[in-house]
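Heads up: the structure comes next, in structure tokens.
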Amino acid sequence: MKIRAITLSDVRQFSRPVTVAGFDAGLNVLSAPNESGKSTLFDALHAVLFEKHGARKKEVLALQPDVGGAPTITLEIELDGKAFRIVKRWLSKPMAEVWQDGRLIAKADEAEAFIARLTTPIDEGGPAGLLWVRQGLTALDDGTDRERKWQAAARRDLMSSITGEFEALTGGRRMDRVLAEARAALAQRVTQRGARAGGPLERAQREVAEHEAKVQELRAQAEALSRDLRRRAEVRRELDLLSDPAEAAARKTRLEEARAAQDAARAHGDQLAHARLAVQSATLHRDRAAERLRAFTEARRAAHASRAAAETAAQTAAASAAAETEARAALEGAKAAAETARHAHAEAQARLQAVLAAETRAATASRRADLTRRLAEARALEPRIAAARTAAARGPDAATLTRLEQAAQALRLAEALHSAAAPHLTIRYHGPETPRARLDGTQIPEGTPRPILGPTRLDLPGYGQIEIAPGDSDGQSADRLAAAQGAQAQALAQAGADSLETARRAAKARAEAEALLHELRTEMRLLAPDGLAALQAELEPLDPGDEGAAPADLPPRAEAEAQLRTAEARRRAAEAEHDRHRPLFEAARERALRDGLARDAAAAACKAAANHLADLEHAGDSTETLSRALDAARAQLADAEARHDALAARAPDMTAVTAALTRALSVVEAAEADQARLNAELARLETGIELRAGDGVEEELADAETRLAAARPRLEAEEHEVAVLRRLVVALETAQAQARDLYFDPLMAELKPMLTLLWPGAELRFDGDSLLPSELVRDGHAESLGNLSGGTREQIALLVRLAFARLLARSGQTAPPVILDDALVFTDDDRIERMFDALHAQAADLQIIVLSCRNRAFRDLGGRKLAFAPASETDA
Amino acid sequence: MTAFRFIHSADLHLGRRFGNLPEEIRGRLVEARHAALGTLAATARAQGAQHILLAGDTFDSETPTDPVWRQALAAMADSPAHWWVLPGNHDSLGAETLWQRLAAHAPKNVHVLHDIDPVELAPGAMLLPAPLPRRRPGRDLTAWMPGCATDPRALRIGLAHGAVRDFSEDGAGAEGIIPPDRAETAGLDYLALGDWHGQMTLSPRCAYAGTPEQDGFRHAARGGCLAVTLDGPGAPPRIARVETGRFLWLDLALELLPGLCPETELTRLLPGPGPARRDILVRLQAQGRAGLAEQQTLRRTAARLSPEFCHFVLETADLATEFDAADLDAIDHGGALRAAAETLAQESRDDRLAAADRAIAAGALNRLYGMLQGEAE
């Protein structure tokens with residue numbers, strides 16, 4: 001159904017009929033100020049569709065103007081491509097009519113039945129309750145309880161017609177009850193952090209843990225007791241063994257045997273020591289006999305050898321003495337030759353010294369003559385330099401002259417300017433004969449202008465004198481002239497000249513004097529670079545007495561030097577020869593000395609060896625007697641060693657004997673110590689066992705193990721129960737969520753594009769009871785609708801209404817248009833633009849009528865603009 | 001010679017505490033074990049026997065508490081019969097303190113058999129004991145019996161504790177196995193054995209007496225003892241079983257299949273109703289397969305019946321869940337509940353998942369079914 005026009009007559013403020021016409025199929029906007037009749041229009045649409053013409057209820061009475069009258073409403077609609085007109089009047093002469101193409105097709109109740117077929121009444125869950133937004137009721141659950149109920153029914157009917165019963169899909173109360181029961185059973189056992197304290201699972205866990213701890217503790221106690229029991233048995237066995245008389249007697253016998261063995265071993269050791277001493281004594285005796293034989297043999301050999309050596313040494317000493325004599329003679333000859341060469345060399349040196357001394361004296365005389373000359377010339381230069389210096393100090397220097405030249409130039413310029421500024425006198429003579437006038441006594445040539453620079457006297461021959469006083473026609477030039485003159489006078493005074501020419505000459509003379517001074521000083525520096533005093537000081541040491549005449553027989557220096565070199569070479573050769581003979585002589589002398597000593601020593605040794613052999617022979621030693629004595633000593637040693645070896649072979653192992661005795665002793669002592677220790681340990685064990693045996697540790701352990709064995713299956717059963725309940729809860733929640741998603745899928749399909757316009761990626765979650773959004777999910781974060789701003793809530797409400805309207809349109813049901821009376825009051829300007837986009841998008845297959853008092857904000861909404869207009873008679 | 005009669009018992013395990021069972025029944029079970037001494041004495045009296053042979057494990061541990069052994073001695077002293085006590089593996093001779101105390105405090109009619117020496121029970125009746133020196137001796141302690149000469153006119157009665165096969169009550173392994181033909185090889189008129197808690201006759205001359213009061217689900221009968229009569233050397237013994245136990249431990253396997261009514265099957269399996277159930281302990285192991293409704297019925301029936309018994313435990317770990325479309329319809333015909341049920345059903349059958357995960361899914365499905373059925377009721 002699409003509305004095309006509506007006319008109100010005698011409806012509230014419209015006592016005169018007004019029409020709103022030109023409704024379009026899509027978006028229609030009636031933007032008008034407050035109290036212009038928008039809400040009246042809303043109520044009129046409501047009344048014509050849902051209030052019977054015979055009704056007199058408050059909604060109808062509210063339509064009547066204050067001045068009275070019968071509210072009459074004419075509604076033009078289009079239905080299935082056909083145009084109908086519905087006319088209703090209430091209160092006075094109530095009527096209802098339906099017209100088609102100018103033909104009345106139904107009236108009264110038939111007309112009401114026609115209208116009722118257009119849409120289900122609001123109070124019966126009709127969609128208008130869902131799609132019409134009255135002013136001030138922008139939220140989805142605004143309005144009275146009845147209105148909310150109607151709207152909920154409308155939503156439920158609509159959704160059920162599309163996706164089925166919500167309850168049936170999501171399981172309804174049965175699902176809720178089962179889920180609650182499963183969650184409760186699970187919650188009894190676990191929390192988010194683990195087993196719930198005091199719950200069955202935690203009790204089972206605690207039970208197992210306690211039993212495990214108990215078992216562990218009892219097992220340790222039982223093991224300790226068992227250990228003690230075993231140990232007690234061992235201790236008793238050990239004590240029995242220790243206290244056994246046979247064992248004790250055996251230990252004593254072993255000790256006595258060990259002691260006897262040690263005594264026997266010691267006695268044998270003494271015998272062995274004696275045998276070892278006998279061997280050592282025989283060894284010494286044999287060594288002495290062998291030594292005596294060796295000494296005698298050696299004495300004989302030494303006597304023979306020393307005699308031969310003495311003879312050889314005597315021969316060698318004689319040869320060495322002869323060689324020494326010969327070497328000495330050679331050395332003396334070389335020494336004399338060297339002395340001769342040294343003398344010749346000394347003479348050559350003296351000769352060369354004399355030549356050199358003569359040369360030195362000649363050079364000194366030459367130097368003295370030169371210094372004397374330069375001193376005399378320098379002294380002659382001194383007065384000339386002083387005169388030139390004086391001349392160079394007179395007259396103006398170059399700078400003074402330059403300043404003077406500049407002053408003269410300035411004066412000339414000033415004079416020229418002054419002359420140019422002065423009146424000029426030019427005389428033209430009548431002829432050559434005319435007497436020449438004189439200016440200040442000077443004849444004035446013809447035709448030459450002469451300036452009159454000051455009081456001037458002009459002599460005119462034949463006329464007398466003319467005195468000219470030119471006055472001060474140009475004071476400036478005169479001042480400049482006077483200044484220039486003053487400057488020149490000052491410059492001349494500084495130059496010490498009375499005129500420029502004088503100054504120039506004086507300056508020239510000064511320059512020439514300076515040049516001369518420079519030249520003289522240069523000459524002086526050549527003669528005496530370091531001054532006259534230095535020259536004098538250099539001259540004074542040169543003694544004129546050294547300049548004696550040289551001997552006349554001196555050879556030339558080159559010759560003297562050659563002679564010296566020859567003498568030196570000869571001296572060196574003679575000295576080398578002398579040096580060569582000296583070690584030869586020394587060696588010969590040393591060899592002769594040494595050989596002489598050797599000869600003497602050999603003779604002494606020969607004598608001593610002969611004496612030693614004579615002494616031995618005198619004592620009766622001979623090779624035969626000594627050899628016999630050695631053989632006897634050797635035999636004695638062999639006997640001693642044989643005795644010793646025999647004893648050593650039979651000797652007992654003293655270490656083993658001692659160890660055996662030590663062990664036997666320790667066994668006896670250890671047995672006594674062990675008995676004492678074991679008795680103490682046994683007493684301790686007996687006490688401990690006696691204390692613990694009656695506690696029934698093993699009974700307790702067996703009981704604890706049994707309890708633990710029983711508790712573990714209980715824990716496993718509880719863990720299985722938790723797993724089962726968790727799985728059940730997850731299965732139920734998943735199925736319920738999927739069913740819910742399935743249920744709201746069509747609605748979400750309509751909503752999604754519009755939500756995206758405002759919040760990209762956002763989703764709405766719906767409540768299964770109210771079928772209204774409960775949460776807005778943005779960026780994965782869910783926000784309860786109640787926590788959102790008023791603007792956001794009304795935007796969501798409007799979008800949800802539009803989505804329901806789209807669903808309605810798609811369901812094939814006859815749907816009234818969407819009417820929004822100031823539905824966006826909290827929405828800001830930016831968001832409202834996007835809401836306009838949403839409205840346009842939805843208006844493609846819906847008729848949307850927007851009523852607003854916000855002219856400016858809704859100016860850009862677009863859509864068909866509507867307005868109240870006076871109705872024509874036909875409309876009425 | 002007149003016939004010689006004695007009571008053969010073993011494995012009293014005095015002091016056992018039954019920590020695996022609920023607190024409220026432990027006291028009854030412990031007390032029943034102590035009462036077994038009185039029952040044995042009464043049995044001896046009734047059978048005309050003067051001697052009671054205890055073939056090991058009279059005490060559950062080597063260090064029983066003072067009340068346990070003192071009250072045991074007191075109970076034995078209260079009987080005119082002679083008690084011949086053989087140390088077993090639980091109370092071996094290694095428990096020196098225990099046996100020292102018993103020796104110090106035992107009345108005249110209580111004889112502790114410390115040594116491997118023949119003992120005269122009565123004129124013309126020699127007892128050849130094989131006490132255990134420690135918990136696991138690792139050898140056959142009866143090996144000495146064939147070489148032990150006794151008066152050929154006297155009866156030869158062997159008394160030993162241990163396994164005759166490659167297992168024992170404690171599952172201790174094959175060490176020290178007693179040859180099953182030891183009675184014959186040792187010329188014994190009777191070999192009284194202990195260790196196996198159930199009664200078992202190994203040969204005409206050799207038997208396990210079993211425990212007089214059962215302590216577990218292993219042996220499906222009340223405890224008892226043997227009254228043995230020896231008419232003379234070489235004569236075959238006459239062995240009579242006498243029931244002495246109070247508590248019956250039943251380990252029942254309930255085989256279920258889809259279609260079988262769990263309540264009917266369970267009722268058929270359990271002993272009939274009555275006060276006797278108070279002294280019966282039941283471990284019911286459900287096996288096979290059952291649908292959701294059948295499992296629900298099983299649990300409800302077990303819950304209803306269990307208070308009648310001393311102890312009742314239902315184990316369903318080996319019971320597979322089987323379900324069909326009707327079971328799922330019972331949950332819901334559609335919607336989220338049905339979707340959840342189908343997900344869990346699919347998981348419980350998915351071979352790609354671990355068995356534990358499949359079991360969890362089946363459990364969750366069972367639980368869902370049970371919750372919704374509870375709602376229906």
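To find a chain, count down the sequence lines: A is the first, B the second, and so on, and within it residues start at 1. These numbers were taken from a predicted model, which means no experiment stands behind them.
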Point-to-point distance, once rounded to the nearest 0.5 Å, from CD of E686(A) to CD of Q100(B): 6.5 Å

So, taking the atom named CD in E700(A) and the one named CZ in R17(B), what distance separates them when rounded to the nearest 0.5 Å?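 The CZ atom of R17(B) is 4.0 Å from CD of E700(A), to the nearest 0.5 Å.
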
Ignoring hydrogens and geometry, is there a side-chain-to-backbone donor-acceptor pair from [X] to [Y] under 3.5 Å?
| X | Y | result |
| --- | --- | --- |
| R177(A) | M371(B) | yes |
| N20(B) | T706(A) | no |
| R174(A) | I331(B) | yes |

Contact winner vs chain A - D60(B), L344(B), T343(B), heavy-atom pairs under 4.5 Å: L344(B)

Partner chain A: residue of A340(B), G335(B), S61(B) with the largest heavy-atom pair count (under 4.5 Å):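 Most heavy-atom pairs under 4.5 Å with chain A: S61(B).
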
Between A233(A) and E96(B), the two heavy atoms sitting closest are CB-OE2, 3.8 Å

Minimum heavy-atom separation for A336(B) to M175(A), with atom names?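 Distance-wise, the nearest heavy atoms are CB-CE, 3.4 Å.
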
Which atoms of [X] approach chain A - backbone, side chain, both or neither, heavy atom under 4.5 Å:
| X | answer |
| --- | --- |
| A317(B) | neither |
| E342(B) | neither |
| E23(B) | side chain |
| R338(B) | neither |
| F18(B) | backbone |

Residue part contacting chain B, namely of [X], when any heavy atom lies under 4.5 Å:
| X | result |
| --- | --- |
| E181(A) | both |
| A723(A) | both |
| R712(A) | neither |
| R714(A) | side chain |
| R726(A) | neither |
| A717(A) | neither |
| A735(A) | both |
| E733(A) | neither |

Out of R232(A), H211(A), Q738(A), return the one with the most heavy atom pairs under 4.5 angstrom to chain B.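 That would be R232(A).
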
What residues, two or more places apart in sequence or in another chain, satisfy side chain to side chain contact (heavy atoms under 4.5 Å, CB included) together with R219(A)?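 Side chain to side chain contact (heavy atoms under 4.5 Å, CB included) list for R219(A), sorted by chain: V215(A), E223(A), L701(A), E705(A).
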
Using a 4.5 Å heavy-atom cutoff, which residues in residues 345-356 of chain B come close to chain A? E347(B)

With a 4.5 Å limit on heavy-atom distance, are the side chains of L225(A) and T63(B) in contact? yes

With a 4.5 Å limit on heavy-atom distance, are the side chains of V724(A) and N366(B) in contact? no

Heavy-atom neighbours of R765(A) CZ exceed 12 at 6.0 Å: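 At most 12 heavy atoms, drawn from other residues, nucleotides or ligands, come within 6.0 Å of this atom.
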
Tell me, yes or no, whether the heavy-atom count around Q216(A) atom CD, taken from other residues, nucleotides or ligands under 6.0 Å, exceeds 12. no

